[in-house]
Number of protein chains: 2
Amino acid sequence: MSYTYDYPHPAVTADICIFSIRDGKLHVLLIKRLVDPFKDSWAIPGGFIKMDEDLIDGARRELEEETGVADVPLEQLGAYGTPDRDPRERVITVAFMALVPSDQMVLAAATDAADARWFDMDDLPKLAFDHDRILADARERLAHKVTNRVTETARAAFQFLPEKFTLAQAQAVFETLKGEDLDKRNFRKWIAANWDLVDLKEKTTGGRHRPAALYSVEF
Amino acid sequence: MSYTYDYPHPAVTADICIFSIRDGKLHVLLIKRLVDPFKDSWAIPGGFIKMDEDLIDGARRELEEETGVADVPLEQLGAYGTPDRDPRERVITVAFMALVPSDQMVLAAATDAADARWFDMDDLPKLAFDHDRILADARERLAHKVTNRVTETARAAFQFLPEKFTLAQAQAVFETLKGEDLDKRNFRKWIAANWDLVDLKEKTTGGRHRPAALYSVEF
DNA sequence: CTAGTAAGTGTCATATATACATTATAAACA
DNA sequence: TGTTTATAATGTATATATGACACTTACTAG
């Protein structure tokens, strides 16, 4: 009996959907591919799993190599393995996702990708492989996670708010992540019931309207 | 530029957790391994994905080859790829699960496994690889799916009931699948609200107690 | 006819979701 | 200074889901 499995092996990659809010709109981090297939196409970052690294570690490494983005709390989305999803050879990919702040983030595309940029989710380019499907699945999952219970993902939403924020700002963030408008009064009830808001007893100034109360969160 | 990716490739398998109720207890379908590693150990069925088949098709094929079980509605659980989960070489597995009736099912282990048997989930043998972890994840998912909304999995629960069943029988099935006891009155409210039960105007006989009304379901 | 056993049934409290309209307060401007 | 404009702030009613909880009914066996 031989000591290696005598079956042909597919390639295995990890692909990562990184979401952020920029300019009040949901964005996703895409890279421009450096090599064929789909050279010069946009794609979600990802690459080959090394033989000695765990799937999530491979995902983290590829993400950093292609975009410079590090230290994000990835969550597995699932495996995608339609036989012809890669025109070169059989490639099975394990998809991950995360929600991160991106303002002070410096994208470093140089090494393993021709470019790395944030794209508005409402204005996406044509994507390589089956990445449009993976991304759609991730988008759906994001919307569910953001309000359904107090998950890591929901907590990440507050990263898009300044230290001191108004409830209107918070509502805008959650609306962006969910992809739908929320009722103001119901949102305020929800956030007060589910998060530990501190009323800072300060108000905004300068607006041509009634000033808003400022809050901070404690986790 | 070469036409194949010059990275080493891991092996990729599909592993399948098949649940059923037998004797009123939750069981899982395991196979006895025919070859090393873990020769003669029990394991959840599974095997190598072929180069031209989709993940779910590979899972279905392996399941049939190793157990004789066919035509089950598999759902993907996720990918497991810890580097040393297989002592021989790097193997990444994609796990699937399903809930099926098993009474008239004939297990045919002969071909690709030394044996195939149903095991009581409360009396499992030591499992090969990391299959205990995969199985634990599947068990948890099953419990959630059975009552949370009207899913395929929830519908499958009725397969464990005869054409005409009492509400007590139905409750027993759902208790087994959830792994916890349910309140009789609350269960009756729930099943009446969520399923289309037909009161057959018949009653059981022969019990040393008050006869029970018989129902059937319509989907 | 009595004992045993499982069937059958309703209410209250709590939590969550959703719909919906008016008043309050500051800045800008005439 | 007072009028306009823009956003902030607030409460109630309804519907639905969840979970706790105890007594009466009806058959069988002895």
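Heavy atoms only: backbone and side chains are in, while hydrogens, waters and symmetry mates are out. Below, chain A is the first sequence line, B the second, and so on; all start at residue 1.
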Check your understanding: Which comes earlier along DNA chain C counting from the 5' end, the contact point of A:Lys203 or that of A:Asn194, where each point is its nearest nucleotide?
Key ->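 Of the two residues, A:Asn194 wins.
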Practice item. Would you indicate what A:Ala193 reaches in the nucleic acid, counting non-hydrogen atoms under 4.0 angstrom: base, sugar-phosphate, or nothing? Key: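 Nothing, no nucleic acid heavy atom in range.
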Review point. Looking only at atom types and distance, does a side-chain atom of A:His131 sit under 3.5 Å from a main-chain N or O of A:Ile44, one as donor and one as acceptor?
Key: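 At least one qualifying donor-acceptor pair exists.
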Check your understanding: If you draw the axis of the six-membered ring of A:Phe119, does the NZ or CZ of A:Arg117 fall within 45° of it and under 6.0 Å from the ring centre?
Key ->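 That pair qualifies as a cation-pi contact.
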Proximal nucleotide (of [options]) relative to the [X] side chain:
X: B:His209; options: C:dG8, C:dA7, D:dA9; answer: C:dA7
X: B:Arg185; options: D:dA13, D:dA26, C:dT9; answer: C:dT9
X: A:Asn186; options: C:dT18, C:dT25, D:dG19; answer: C:dT18
X: B:Arg208; options: D:dA8, C:dA28, D:dA29; answer: D:dA29
X: B:Lys189; options: D:dT28, C:dA26, D:dG19; answer: D:dG19
X: B:Lys184; options: D:dC27, D:dT4, C:dA7; answer: C:dA7
X: B:Trp190; options: D:dT18, C:dA6, D:dT28; answer: D:dT18

Please give, in whole Å, the distance from [N] [atom2] to [X] [atom1]?
X: A:Asp181; N: C:dA19; atom1: CG; atom2: P; result: 12 Å
X: A:Phe187; N: C:dA17; atom1: CZ; atom2: P; result: 13 Å
X: A:Gln171; N: D:dA9; atom1: CD; atom2: C1'; result: 12 Å

**Study point:** No-hydrogen, no-angle side-chain donor-acceptor test under 3.5 Å, A:Asp137 and A:Tyr80
**Key:**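 On atom types as modelled, these side chains qualify, holding a pair under 3.5 Å.
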Point to revise | ring-ring contact (aromatic ring centres under 6.0 Å, His included) partner of A:Phe174, chosen from A:Phe160, A:Trp195, A:Phe158 | key: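 That would be A:Phe158; it is the only one of A:Phe160, A:Trp195, A:Phe158 passing the ring-ring contact (aromatic ring centres under 6.0 Å, His included) with A:Phe174.
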Point to revise | Residue mapping more 5' on DNA chain D - nearest nucleotide basis, B:Gly207 or B:Asp183 | key: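 Here B:Asp183 is the residue nearer the 5' end.
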Review point. Distance check: side-chain N/O of B:Arg210 vs OP1/OP2 of C:dT5, anything under 4.0 Å?
Key: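 No, because none of the side-chain N or O atoms of B:Arg210 sits under 4.0 Å from OP1 or OP2 of C:dT5.
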